[in-house]
Protein chains: 2
Amino acid sequence: MPGRVTLPKGPTKRRPQTTARLLEAALDTFAERGFHGASIEEICERAGYTRGAFYSNFRTKEALFLALFDLHAQSVVDRLTQAVDALAELPEDADPVRAVLTRVSTVDEAERRWYLLSTEFTLHAIRRPEAARALAEHDGRLRAEVAGLLGRLFDRLGRRPTVDLDTLARLTTAVHEGSLAQSLVEPDRLAPEELAVTFLPPLFDAVSEKRRTRRARGSRGET
Amino acid sequence: MPGRVTLPKGPTKRRPQTTARLLEAALDTFAERGFHGASIEEICERAGYTRGAFYSNFRTKEALFLALFDLHAQSVVDRLTQAVDALAELPEDADPVRAVLTRVSTVDEAERRWYLLSTEFTLHAIRRPEAARALAEHDGRLRAEVAGLLGRLFDRLGRRPTVDLDTLARLTTAVHEGSLAQSLVEPDRLAPEELAVTFLPPLFDAVSEKRRTRRARGSRGET
DNA sequence: CGTATCGGATACGGATCTGTATCCGATACG
DNA sequence: CGTATCGGATACAGATCCGTATCCGATACG
């Protein structure tokens, strides 16, 4: 009884290639037309395949959508993790809050597409409790990451938060999403990082207190 | 040939009735299925008409969508205006911030539908610059209302804001929308007013200073 | 070199949906 | 009481789109 699970013998090399292209085309198309507005046909066309290829790789349009969401969700988490790591290597005198914010709130085309996609997924989830659970789970992971980042941030600032970090992460996310939306609607009226840069520092300050001068800095001990 | 513009003589009584029902059915349907997902046919069905009635009252599905948005957008402004007025009649010792917040962040079914609709409209606007202008204009009116409300709020608190009220209104909106989204995705994990109630008071405090005890309670504070 | 198998293309049936063009009943008005 | 006009229904033609069933070429492997 060897683990002969799913080891095909024929020509089994192109599959990931194809799925990848389909996913990419799907991202473009969903971003342009929205979930319902995007037809499977157009997605396949853009990817350079026919519908046969699609149904050979995904069961339904929704499955494709979920796969796409998972994929990019993961990339967001990664990006945030990088931000956390980068924080450690920041010069001691830099303003860590601003550093993180400007890093996080760049709005390139990818970010724009991702916003459209994830917002549409949120709408989808509000209507479908099952999808809502999946989304909540992902948001939870993301939020944990944000909370960790905030923890380190306070640490560096020599302050101790007086509120639940998870809840503060919720707020931060809300601000980020909300202001991203506004800056996408009025690209030349509102810089995407403006709200966060303006209000988060004083807020962070307001919901934390100066740490009783215990516990020295762990990682980098230079002045 | 004087200005005989649109003065029909025949049976001209039912029209507003019909449009109203169509609009209502459209709100339901858009909320359930989304813009693209909702078919004109279903909307008419729910309203108790056929497609003929629709095309007699609207030029296209998008026109219907716009009309619906305008209608409800206006109702939101009204609601906020009421909140401002109600503020004036609050007992002197009440916490005005909390009072306003709980009033604004009730999430009934109507609010839910409105969120779905306006968010979808936002997505639509991000893709269509023309729609974006319309949305920006409405958001502007709304924001002015919010800014006025904030102004009165600070006034009552005996504080003077140190930041631009318009920008602060942007932030408030962002928080409201963002946290509304989160509470709709996880209805039993996050109360819709929790983020606002938790963080806005300390933030408002942080971005304002105690007023130099001059100038009694007039009607409105200038810079 | 033959062949089993996999990836993807083609072909097809069926379901919607959209607009328009036309028709009918009801009402305001002379 | 007759009739012009309006509101809305019906009928129709065209356009997608979806999902499946089937077919074909290519490759890994014996």
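Residue numbers start from 1 in every chain, and the chains themselves are labelled A, B, ... in the order their sequence lines are given, proteins ahead of strands.
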Count the heavy atoms belonging to other residues, nucleotides or ligands that lie under 6.0 Å from CZ of A:R189, then report whether that count exceeds 12. no
Check this for me: B:R133, atom CZ, are more than 12 non-hydrogen atoms of other residues, nucleotides or ligands nearer than 6.0 Å? no
Can you classify the ring geometry of B:F121 versus B:F69 as parallel (below 30°), tilted (30 to 60°) or perpendicular (above 60°)? parallel
Identify which nucleotide among D:dA9, C:dA9, D:dG8 has an atom closest to any side-chain atom of B:T50, counting heavy atoms from C-beta outward. D:dA9
Check whether any side-chain heavy atom of A:Y49 sits under 4.5 Å from a side-chain heavy atom of A:R21, and report yes or no. yes
May I ask you to decide if the ring planes of B:F35 and B:F65 are parallel, tilted or perpendicular, using 30° and 60° as cut-offs? tilted
Between C1' on D:dG8 and OH on B:Y49, what's the gap in Å once rounded to a whole number? 9 Å
Step through the shown structure and confirm whether more than 12 heavy atoms of other residues, nucleotides or ligands are within 6.0 Å of CD on A:E111. yes
Whole angstrom is fine here: how far is it from CZ in A:F58 over to P in C:dG7? 13 Å
Pairwise N/O distances under 3.5 Å, protein to nucleotides 15-20 of chain C:
{"residue": "C:dT18", "atom": "OP1", "partner": "B:I40", "partner atom": "N", "Å": "2.9"}
{"residue": "C:dG19", "atom": "OP2", "partner": "B:Y55", "partner atom": "OH", "Å": "2.6"}
{"residue": "C:dG19", "atom": "N7", "partner": "B:R51", "partner atom": "NH2", "Å": "3.3"}
{"residue": "C:dG19", "atom": "O6", "partner": "B:R51", "partner atom": "NH2", "Å": "2.3"}

Mind grabbing the angle between the end helix axes of the helix from C:dC1-D:dG30 to C:dG30-D:dC1? Five pairs an end, 10° rounding. 0°
Expressed in angstrom and rounded to an integer, what is the separation of A:H36 atom NE2 from D:dT16 atom C1'? 16 Å
Restricting to non-hydrogen atoms, name the atom on B:V104 and the atom on B:R79 that form the minimum distance, rounded to 0.1 Å. O-NH2, 3.5 Å
Provide, to the nearest angstrom, the distance between the CD1 atom belonging to A:I43 and the P atom belonging to C:dG8. 16 Å
Is A:D139 salt-bridged to A:R170, going by a charged N under 4.0 Å from an acidic O? no
Of all the nucleotides listed (D:dA9, D:dG7, C:dG7), which has the minimum atom distance to the side chain of A:R14? C:dG7
Examine D:dG7: is either OP1 or OP2 under 4.0 Å from a nitrogen or oxygen in the side chain of B:R15? Give yes or no. yes
Is the shortest side-chain N/O distance from B:N57 to OP1 or OP2 of D:dG7 below 4.0 Å? no
